[in-house]
*Asks:* 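One structure is given below, represented as structure tokens, and several questions about it will come after.
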Amino acid sequence: MTDVQFWTKVAALPGLQGSLILQLHILPPCCFWETKRILAGTNIFRTSISTNTSYHSKKATRSMEATAVSLGKAVLDGALGYAKSKAAEEIALQLGVERDVNFIKDELQMMQSFLMTADEEQSHNKVLTTWVKQIGVLAYKVEDSLMDFGLHSEKKPFLGCIPRNPGDRRRIAREVKELRAEVEDVSNRNLRYRLIKESSGSKPTAVEEQASNATAALFGINEARLAALEHEKSSEADLHQLITSNDVDLRVIAMWGTSGDLGKTSVIQGLYDDPKVLKRFGFRAWIRLMHPFNPQEFLWSLVRQSYENSLEELGKPEQETSVGANVLAKMEKMDQSDLVRVFNAQLCSNSYLIVIDDLSTIVEWHCIKKYFPDNKKQSRIIVSTLQAEIASLCTEKPLQVSVLKQLSCDQTIYLFHKKNSEEQISMSSVRVEMYDTNDEAMLAAVEEEKQKAMHASCSDEPTFNSNNVTTTEKHTTMPAIEIQEEYHELNNAGEEKVHNSTARKKFDRSRTLALADEVLCGRETEKSILIKLVSHPDNDQGCKVISVWGMGGLGKTTLVRSIYRSQQLGSWKRAWATALRPFNPEVLLRDLAMQLQDTIQEGPAGLTATGTQKKSISVLKLQDLKDELARVLKSKRCLVVLDDISSTSEWDLVKSCLDNAGRIIVTTRQKNVAKKCSREDKNMYCLEGLKDDDALDLFIKKVFKDNIDKHDLDPAMMEQARFILHKCDGLPLAISTIGGFLASKPKNAIEWKKMNDQIRTELEINPELRTIKTILMRSYDGLPYHLKSVFLYLSIFQEDHRIRWGRLVRRWIAEGYSRDMHGMTAIELCRRYFDELLDRSMILPGEGTDQYSQKINSCQLHDMIREICISKAREENLVFTLEEGCCLSDTQGAIRHLVIGSNWKRDKDVLESKLDFSHVRSLTVFGEWRSFFISDNMRFLRVLDLEDTLELKDHHLDDIGQLRHLKYLSLRGCRNILYLPNSFQNLMHLEMLDVRGTRIYELPTTITNLLKLQHLRADSYYYNDGNVKGEGDIVKKYKYYTKHTSTCGICGICLCRCHLFLRPQVLDAGLNRYDIFNLYRFQKMKLDGIILPKGIGKLKALHALGAVDVSGRNGNATIKEFGELTQLRKLKVGGLSYRNINELWSATAGHNHLQSLSVEIGKPYQERNVLDGCLGEGLLPPSSLESLALLGKLVTVTEWIHKLQNLSKLVLMDSRLEQDDAIQALGLLPNLAVLRLGIDTFGGTQLHFHSSSFPSLMVLELYLLENLQSALFEKDAMPKLELLQVGRCYKLDAFCGLPALTSLKEVQLGSHRLSETLKKSVQGQVAEHMRHVRVNIVDKTLFVCMYI
């Protein structure tokens, strides 16, 4: 293996990411032999890597845990991306290893497929999950060593041939040797535990066997008792005796082995063909179950074997070869009812022996056992299974476990059967009673719960009686002719076995429904709205689908159930079906058909119009079932409820069969599913959390059982109740569950405070509260692999924190969760992730979101969802938060993302002595800053987020140049930061720099060395003497100190400043001399942005830049260099004048990627300062613009604005438009959705909006138009306008034609400097003609000018 191939193998381990995966290409030729020396002696390491990465010949097991897979996949993408890059191709060509690099690329793709497949086949196997985590930890270490080596290799050799820092190189070589041993251990661990099974065989893996053994141990078969059993060879159980005993009752004998199916088939076959057994049983059948279970195939196989056995007994020897053909010929003439009749006859008239092979779930057993009644004829059933738990649940109680056969020292076959009460069992007997009395009670409870779950799987809603609007329960047992499918098939026939997770999911759903049925509180309005939607006739007379969507636990099922049972719906025939996982459309449709057939009377004696007997739904073939369902739906007005539809594909599988339904109500957690089902927004209803008062009422009702009013609570209890409800955040599931738990506790403030303080722990360990997490976890489990990792990343942010879209997306990109793909940028991919999380209700839209712009710009986590997010992130050792009450013992190994909470006590000893920072990738600080937060060990930090951090000063950033891998740096809101340090030039990998809200008004020259910088964000700087978010304003303190302590003119000022330089703590305890020096050179000024140094044109990677002030030095040079930044998507420029505005338009005219542009004249009221004087046919703004903000006088807008056909947002200020034709020119823009007319934009007295103008406008804002007296809206003007905002137009008296705005939803009127006449006029028009429109009087200033 070549060196490049070797290092690429190392990079291929799950956990590697970033741009320094393959570092050899950046080495100068003179350093190559130094590299070879470091690589020497790593043959074993190389071999281990090869062994560990041979995934192409392996198959992902079903038991990979989803979160570990998701995180591994996220970090693997970086390595794969680099292996495909031009840099990898270049070094491959240089060293002649093109084939090797191509092989590595293919290897990485196989690993990526491995993780994706493992995510699709997820379960809960802890052994393999642990192994995956160990690989991830090791991969992080390898990557860090590569990154460290890459940094030092970037330095040019001294005198062109002498390598620099040989000590560091030796250290890295030593670390590689240490990693070699760890790689060997991880690789060998796979061989020891056989974690990955071969794709060619069907043998159970070691993991499966271990899981089965562990399950067996739970049921009493521990190693000590097994050893005792295995040494009693003479006492082995006799299966023949159990089968041929004289007990007349039906008996079930279950068989389980420690080595899967090994040896069981031969044992059963010997008994099955025994002549004595043949004489004993008149009916025999051996069924190997297909997965998923198919009742029709099961019944067909039973009848086929019945015929074959009877023909073999009656036929002659020479006819034996024709038995199979004869049976097939006979059965082809039989329909389903004939099969049922023959099967029932065989069971009633014979003693039967049935072998059920490969039973995998208790759900299958519940379906199967209904086929075999106890005919009191000594019948027997033998069940073979790979799971001890299943074996124990199939057999009658009291239960015995017996050794059937010892295959080897560690391979044994056991029998589970009913204990024979007549036998005398001694202590030395091989038969050991498995359960004591308490165990039997426990098992009976489990059985009862599982029976309930199975009943729920068939239909979660009882049959509806339309005559008196009451419900009747279904029978829990049924004859063979009406056997109904209760097991949901998988969509793909090639899937592997369905494990117990299926039963668990069904059981969980039944618990959800039971909880939901309990109480409906605070939903009267929602119920009324939905009943109107159901009752209101549809114009097209077709099937109307109403979707109720929202996050789990909101009570969607409870609300819809109350509507389903409402007498207000009159004579609707009703059916309810819950979609369970795995989804099977045939089972759901069959269930609906049976319910509707029961409620619809077809005539006397149940006959149809043709006189034929009423069909049995349970035995119909699929096409016949669809036809019957269509007939039933067409015969009456039917209301169908489909509960918990989780994907659009599930809806597609059933919608065509329900076209004849009058109304369908769908509940789902996902917005995209609701939209697909309802098609129209008016038929979609987003259910939100309970209001505060309703939440309190529900809480009191659950705690006190209606025995107390909320007004009777003492203040201390009320305060704690409010705290608890704040955590629940309107979620009825959480309120009901916590309230029910507290009902059994002492009802005092102390007990409630304890619950509030420990709610996170209680959710984890308290069985009564675990339901909350179980139900909410379904939303997390349903996330695709690529969304799990980005969702867990949200646990970084504090409780109730509003997470800005821009902040989140930049961090995601810096961490490697998103990158540019063919046809899609990294930002567009992040937007897709963000919108998917919103649609799945995993995140909530933030407050203040502009719903009319169709873009959600912030989000929040529901407190209960956040608890799950934090819990899963801690499990993966992904995020650790230092906060009040945090447990440091939870940290195991290196931390990936460190968060310092605002309420943490800032203990330096704790931070330095108990936490491992050697692999920290991000540091996020909330609250006050301390100088010890950044450690020398944080060499691999990529994200440093200090937004709104308090007490951060300039000198705290002195050593930031040591963080050479930093990609994201945010100082936003740190008002006491004045200058960036000189070491800033070392951040060669920086991609995002945000200095908005600081006092930085000029960037250092070294910024031009950061060639990877993509986003440089600053804002207009206006000097502010006010305090900064609770911390001291050091500029104000410095100004006050120098003014009041210097008494001797210039000399006094100099002495004062010298005194401060020697003793900076006099001014502020957090300052040093460097800060005093910066205060001395700090200038008070007013700028429209930040001043850039010369050479900004070298930053070719820039995507977003601004705000930039070009009024001072370097201004003209900066404008010219804008022309070199051809990748710009967003540009904000201020301080322009008539001297340089033409150069700006010329520099940006060819920027075909520019989407957002903001241009501001420095002195807008000077007559010569015109923004668009040079614009026209010869010079135009970029046609790609989607957002444009202009602050300054416009004179030729009608000549060029029509060229911007992609423009969707336009903001104008100080434009001083006099003619109405300019407004009409704006109205011809086809895609304009947002128009904000600000200060002095229009100088006329009337705004006239003509018919058919502004065809796409959704938001119109009018602000501080001092001369405006009226606005006229003609018919068909602004047909899509939803929001009208008006503020500080004090001469505006009336809107004429307001009712012509047919899509208007809201009018916002400012409370200041707006005439009362206008307010009354608007309110009157709305009350008379537009009752659906909301009129809100707002206090805040509406217009936010240049922030686009």
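Atoms considered below: every heavy atom in the structure, side chains included; atoms not considered: hydrogens, waters and symmetry mates.
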*Asks:* Checking His897 side chain against Thr881 main chain: does a donor-acceptor pair fall under 3.5 Å?
*Replies:* no

*Asks:* Below 4.0 angstrom, N of the basic side chain to O of the carboxylate: do Asp757 and Lys753 qualify?
*Replies:* yes

*Asks:* How long is the straight-line distance from CZ of Arg722 back to CG of Leu713, given to the nearest 0.5 Å?
*Replies:*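 The CZ atom of Arg722 is 9.5 Å from CG of Leu713, to the nearest 0.5 Å.
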
*Asks:* Should we count NZ of Lys747 as having more than 12 external heavy atoms under 6.0 Å?
*Replies:* yes

*Asks:* Would a distance-only check, ignoring hydrogens and angles, find a side-chain to backbone donor-acceptor pair under 3.5 Å from Ser795 to Leu792?
*Replies:*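 Such a contact is found between Ser795 side chain and Leu792 backbone.
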
*Asks:* Taking all atoms of both residues into account, what is the closest heavy-atom pair of Phe699 and Leu742, and its distance?
*Replies:*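 Smallest heavy-atom distance, with atoms named: CZ-CD1, 3.8 Å.
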
*Asks:* Return the NZ to OG distance between Lys702 and Ser736, rounded to the nearest 0.5 Å.
*Replies:* 5.0 Å

*Asks:* Check whether more than 12 heavy atoms from other residues, nucleotides or ligands sit under 6.0 Å from atom CD of Gln568, and answer yes or no.
*Replies:* no

*Asks:* Treating Lys671 as the side-chain partner and Cys686 as the backbone partner, does any N or O pair qualify as donor plus acceptor under 3.5 Å?
*Replies:* no

*Asks:* Measuring from atom CD1 of Ile868 to atom CG of Asp863, what distance do you get when rounded to the nearest 0.5 angstrom?
*Replies:* 12.0 Å

*Asks:* For Leu952 and Cys974, which heavy atoms make the closest approach, and how far apart are they?
*Replies:*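 Scanning both residues completely, I find the closest heavy atoms to be CD2-SG, 3.7 Å.
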
*Asks:* Quick check for you: to the nearest 0.5 Å, what is the distance between Gln798 atom CD and Ile900 atom CD1?
*Replies:*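 Output value for this atom pair is 11.0 Å.
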
*Asks:* Has the side chain of Asp800 got a donor or acceptor atom that lies under 3.5 Å from a matching backbone atom of Arg802?
*Replies:*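 Between the backbone of Arg802 and the side chain of Asp800 there is no qualifying donor-acceptor contact (under 3.5 Å).
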
*Asks:* Do Ser841 and Arg669 have side-chain N/O donor and acceptor atoms under 3.5 Å apart?
*Replies:*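 Ser841 vs Arg669: no donor-acceptor pair found between side chains.
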
*Asks:* Quiz question: by atom type and distance under 3.5 Å, do the side chains of Asn756 and His726 form a donor-acceptor pair?
*Replies:*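 Their side chains do not contain a donor-acceptor pair, so the 3.5 Å distance test is not met.
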
*Asks:* Do you know which of Phe932, Phe933, Phe926 makes ring pair (Phe, Tyr, Trp, His ring centres under 6.0 Å) with Trp929?
*Replies:*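 Per the ring pair (Phe, Tyr, Trp, His ring centres under 6.0 Å) rule, the option paired with Trp929 is Phe933, out of Phe932, Phe933, Phe926.
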
*Asks:* Take Ser646 and Arg778 through the test side chain to side chain donor-acceptor pair (under 3.5 Å) and record every step on the way to the result.
*Replies:* CA-CA 10 Å; Ser646 65; Arg778 285 189 59 232; over 6 Å; no

*Asks:* Looking only at heavy atoms, what is the nearest atom pair of Met718 and Leu696, with distance?
*Replies:*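 That closest heavy-atom pairing would be SD-CD2, 3.9 Å.
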
*Asks:* Looking at Glu751 and Lys745, is any side-chain nitrogen of the basic one under 4.0 Å from a carboxylate oxygen of the acidic one?
*Replies:*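 Looking at Lys745 and Glu751, the cut-off is not met.
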
*Asks:* Short question: side chain of Ser528, backbone of Thr525 - any donor-acceptor pair under 3.5 Å?
*Replies:*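 No; judged by distance alone, with no hydrogens or angles, the pair does not exist.
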
*Asks:* Go through the side-chain N and O atoms of Thr557 and Asp643 and say whether any donor and acceptor fall under 3.5 Å apart.
*Replies:* yes

*Asks:* Go through it in stages, so that I can follow the logic: the residues are Glu524 and Lys527, the test is salt bridge (charged side-chain N to carboxylate O under 4.0 Å, His left out), and I'd like the CA-CA distance, side-chain angles, deciding distance and then a yes or no.
*Replies:* CA-CA 5 Å; Glu524 292 77 14; Lys527 182 176 180 180; over 6 Å; no

*Asks:* To the nearest 0.5 Å, tell me how far Ile870 CD1 sits from Leu794 CG.
*Replies:*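 Ile870 atom CD1 to Leu794 atom CG measures 11.0 Å (nearest 0.5 Å).
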
*Asks:* For side chain to side chain contact (heavy atoms under 4.5 Å, CB included), just list the numbers for Ile759 and Met864, CA-CA rounded to whole Å, side-chain angles, deciding distance to a tenth of an Å, and then say yes or no.
*Replies:* CA-CA 10 Å; Ile759 192 166; Met864 291 296 167; 3.9 Å; yes

*Asks:* Quick one: CH2 on Trp576 to OH on Tyr564, what's the gap to the nearest 0.5 Å?
*Replies:* 8.0 Å

*Asks:* Could you check if a side-chain atom of Leu731 sits within less than 4.5 angstrom of a side-chain atom of Ile735, using non-hydrogen atoms only?
*Replies:* no

*Asks:* Quick check on the 6.0 Å ring-centre criterion: do Tyr685 and Trp549 meet it?
*Replies:*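 Between Trp549 and Tyr685, which both carry aromatic rings, the centre distance is not below 6.0 Å.
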
*Asks:* What pair of heavy atoms forms the shortest contact from Arg930 to Arg906, and how long is it?
*Replies:*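 Shortest heavy-atom separation between Arg930 and Arg906 comes out as CG-CG, 3.5 Å.
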
*Asks:* Looking just at side-chain N and O atoms, do Arg811 and Thr924 make a donor-acceptor pair shorter than 3.5 Å?
*Replies:*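 Short answer, yes.
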
*Asks:* Hey, is CD on Glu688 packed in by over 12 heavy atoms from elsewhere, all under 6.0 Å?
*Replies:*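 It does not: Glu688 CD has 12 such atoms or fewer within range.
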
*Asks:* So, do Lys788 and Tyr780 sit near enough that their side-chain heavy atoms are less than 4.5 Å apart?
*Replies:* yes

*Asks:* In the structure I gave you, are the side-chain heavy atoms of Glu526 and Val548 within less than 4.5 Å of one another anywhere?
*Replies:*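 Not touching, per the 4.5 Å side-chain cut-off.
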
*Asks:* Check whether Asn1336 reaches the backbone of Val1338 with its side chain - one donor and one acceptor, N or O, closer than 3.5 Å.
*Replies:* no

